[in-house]
Amino acid sequence: MRSIKTRIILLSSVLLTLSIGICLCAALLFLKLAHAQNIFQIFDQTDSVVQTLFEVTRRQMKNEAILIAEIPMLSQAVKPQDQKKFKDTVEIYRKQLQIDFVDVFSKNGTLLTHVSGEESTPVQGLSPPYTALIQDALHGLNLATFLAIGNRLTIIGAAPLGASEAPSGVLVVGSFLDDKFATQLKRLTGADLSIRFPDKKIISSSLSSPDREKLAAILENYTAPADQARRIEDHVLRVSPLKDSHGNLIGELASYLSLEDMERTSNNILKTVSLFGLVIILVSLGLSTLMGQALTRNLIAVIAATKRIASGDFQFKLPEEGRDEVGDLARSINHMSDKIIDLLAYEKAKVEYEKELETANAVQMTFFSAPSSRVAPFAVSAFYSPARQIGGDWWGHHTLGNGVELILIGDATGHGVPAALVTAMAYSTSNIYAHLLSQTPETVHHPSRILQELNRLLYACLAGKLCMSFFAAIFDAQRETLTFANGGHCFPFLIPKEANDDLVNQTYSHPIPCVALNYQKKSSASLLGMDPHAQFLDDEVKIKKGDRVVFYTDGLIEARSPEGKMWGTRHFLKSLAHHYPKDLTGMCDAVIQDLKLFYQQKNFEDDVTIVGIEYF
């Protein structure tokens, strides 16, 4: 197996050989093209360059016309007011874009504004091609073409003003194909260029006056077909037509190339290319050697570092020298080592935290009553699902004796450990108070006292930083009453066995005949733990055999589908109505299944609790 150093040296040698080969091929190709028998091929390429430059110039004029037409205040150009301000603005753009003139025409072809770098207006009257150009622009065609204006040949760009559906006028920009333009093209191509009208009159040229007259005399008797080069004495001449966008002949382009200039230029280029190639070869050889040694030295150090890190030495650090890829790699390896150390520490802490959460979850689950029980004449069924390992919902069930049952349900603010601590306090307080109620029958019908005591305890410990909604209900079979107190919790629904029960408000439309236990409107809505002086009131309602009461937390009705739609009370009641004929446990389980089908996700975002009790 070859080492990296050997491979880099071989690669450098291959690249060096390729560079030499490319330079030699380029030199041979140039020599071949410079040969006399291929002089016309070179000229053809020069003429192609000229034609390409003409097309580029024409597209540039089109783009510049569109650019100026989009000036916000340009719509004022077709109106008589503030013409000076408009002209000043357009003049700025004309100078920056090096345009010779800008004209604005109305829809009927009337010249409204002329901004020019010359004192006189170049347009003395509209020729038919000029009129056709304006009409094309009014029909949504942004064009650029050649036009003969007076005794000058011009590249024209046009664009509509205003909305494309109903333009208010036409903007025209133009540049003259004068001697300056021909001289610029000569610097790019090396050929002398002249432009003449079909009447043989030369209107612009890069030639001096004597040479221009000589070329004019040659062109008088020039008979070669268009676009075909012809050798004349020590020059090569080609005449190409210039046409507007409609294909009309408006002029001719004469390219005049000196064979002596071409040979001198080709010799100079050949010398320059040879010298430049030699310098490249020498520099490439030196740089490849130096860079190969530096690269292999740094790579060997990186390989050694990776072996130490792989063995578990994450404290080892590479020197972070250099600003090349190897230096970046050294910095990345050091950063990776730091991240691995942090990750190991995080994973260790995470494992410890998860063990603590598992313990906390096991402890918290002991706070809850059995999910289903049956103590005549009441049956209880419940479902609880925390959003995390430990949650903030809690419910409890206590049998107080003599046909009296206590149902408690609460929802602490937040999730996780803080909320679990609140539920632990609710569990402890409720257990103690349930025991006291069973010992003092005269206070059994005052669930508000549980709320008052728990409210006082929560505020004393947490000072309002955490709070809890809470609902306490006492079912008395002998009196056939349900006594309840609410502290900012979701009101449960009482579902009478008989649909026409007096408790049901016949004017209130529900999917199921039921009554929310907020109908008396006198229970406190204060959350527990917010106000140490809050007062909680007891309400009472009659119950009959066969009646059911369903308690729940807000996580059940606020669950959202993947589309963001909330399940809500309406869906909850519909589900209860659909599954009410089932037994109590079957009804609660079916409601949860409907919720999961709606939610379509693995874990709920909030704790979900539902508790049902039936008087049989």
Side-chain angles (χ1 to χ4, degrees), residues 360 363-364 366-369 384 386-388 390-398 400 404-475 482-492 516-541 551-555 558 606-607 609 611:
V363 173
Q364 189 186 42
T366 64
F367 298 166
F368 291 86
S369 302
Y384 166 67
R388 301 180 184 176
I390 52 178
D393 282 6
W394 175 78
W395 75 276
H397 169 217
H398 300 277
L400 303 181
V404 179
E405 301 291 325
L406 173 63
I407 299 294
L408 305 167
I409 187 169
D411 183 1
T413 56
H415 303 283
V417 175
L421 293 175
V422 176
T423 63
M425 297 173 66
Y427 165 76
S428 301
T429 304
S430 301
N431 260 13
I432 294 172
Y433 221 86
H435 177 71
L436 293 176
L437 288 176
S438 65
Q439 301 299 318
T440 56
E442 65 276 5
T443 61
V444 76
H445 298 110
H446 297 285
S448 59
R449 295 183 182 179
I450 301 177
L451 273 65
Q452 289 173 356
E453 186 63 25
L454 182 56
N455 177 64
R456 183 194 63 78
L457 180 62
L458 287 175
Y459 188 84
C461 296
L462 303 172
K465 296 179 181 178
L466 290 174
C467 57
M468 186 180 200
S469 67
F470 205 80
F471 194 95
I474 295 177
F475 293 82
L482 165 59
T483 308
F484 59 91
N486 190 8
H489 195 75
C490 304
F491 283 95
L517 295 183
N518 64 343
Y519 72 102
Q520 292 182 337
K521 302 297 183 184
K522 69 177 184 178
S523 292
S524 170
S526 175
L527 295 172
L528 275 59
M530 296 294 290
D531 180 8
H533 306 294
Q535 296 296 316
F536 302 94
L537 304 175
D538 293 317
D539 286 330
E540 186 175 277
V541 63
F551 305 83
Y552 60 96
T553 58
D554 59 6
E558 292 179 359
D606 195 5
D607 305 330
T609 304
V611 181

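Residue numbers count from 1 along this sequence.
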| request: Please work out whether the ring planes of F491 and F471 are parallel, tilted or perpendicular, with thresholds of 30° and 60°. | output: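 Correct class here is perpendicular.
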| query | Does H489 reach the main-chain N or O of Y552 with its side chain, forming a donor-acceptor pair under 3.5 Å? | reply |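 The answer is yes, because a donor-acceptor pair under 3.5 Å joins these two groups.
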| Polar side-chain atom of W394 near backbone of A426 as donor-acceptor pair, under 3.5 Å |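 Checked: no pair found.
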| task | Step by step, work out the side chain to side chain contact (heavy atoms under 4.5 Å, CB included) result for F551 and W395. | result | CA-CA 10 Å; F551 305 83; W395 75 276; over 6 Å; no
Less than 4.5 Å apart, any side-chain heavy atom of [X] and any of [Y]?
{"X": "V422", "Y": "L462", "value": "yes"}
{"X": "Y427", "Y": "T366", "value": "no"}
{"X": "D539", "Y": "L517", "value": "no"}

Which atom names give the shortest non-hydrogen contact between [X] and [Y], and what distance separates them?
{"X": "H398", "Y": "A434", "result": "CG-CB, 3.7 Å"}
{"X": "S430", "Y": "I450", "result": "OG-CG2, 4.4 Å"}
{"X": "A419", "Y": "A412", "result": "O-CB, 3.8 Å"}
{"X": "C467", "Y": "L527", "result": "SG-CD1, 3.7 Å"}
{"X": "A420", "Y": "I390", "result": "CB-CD1, 3.9 Å"}
{"X": "L451", "Y": "A472", "result": "CD1-CB, 3.7 Å"}

For the atom pair [atom1] ([X]) and [atom2] ([Y]), what is the distance rounded to the nearest 0.5 Å?
{"X": "L436", "Y": "R449", "atom1": "CG", "atom2": "CZ", "result": "11.0 Å"}
{"X": "I474", "Y": "L406", "atom1": "CD1", "atom2": "CG", "result": "5.5 Å"}
{"X": "L408", "Y": "Y433", "atom1": "CG", "atom2": "OH", "result": "12.0 Å"}
{"X": "L537", "Y": "N486", "atom1": "CG", "atom2": "CG", "result": "10.5 Å"}
{"X": "L457", "Y": "S428", "atom1": "CG", "atom2": "OG", "result": "8.5 Å"}
{"X": "E453", "Y": "I432", "atom1": "CD", "atom2": "CD1", "result": "8.5 Å"}

| Does the side chain to side chain contact (heavy atoms under 4.5 Å, CB included) test come out yes or no for F484 and V541, once each step is laid out? | CA-CA 9 Å; F484 59 91; V541 63; 4.2 Å; yes
Side chains of [X] and [Y]: is there a donor and an acceptor less than 3.5 Å apart?
{"X": "S526", "Y": "D531", "value": "no"}
{"X": "D538", "Y": "S448", "value": "yes"}
{"X": "T553", "Y": "D411", "value": "no"}
{"X": "N455", "Y": "Y459", "value": "no"}

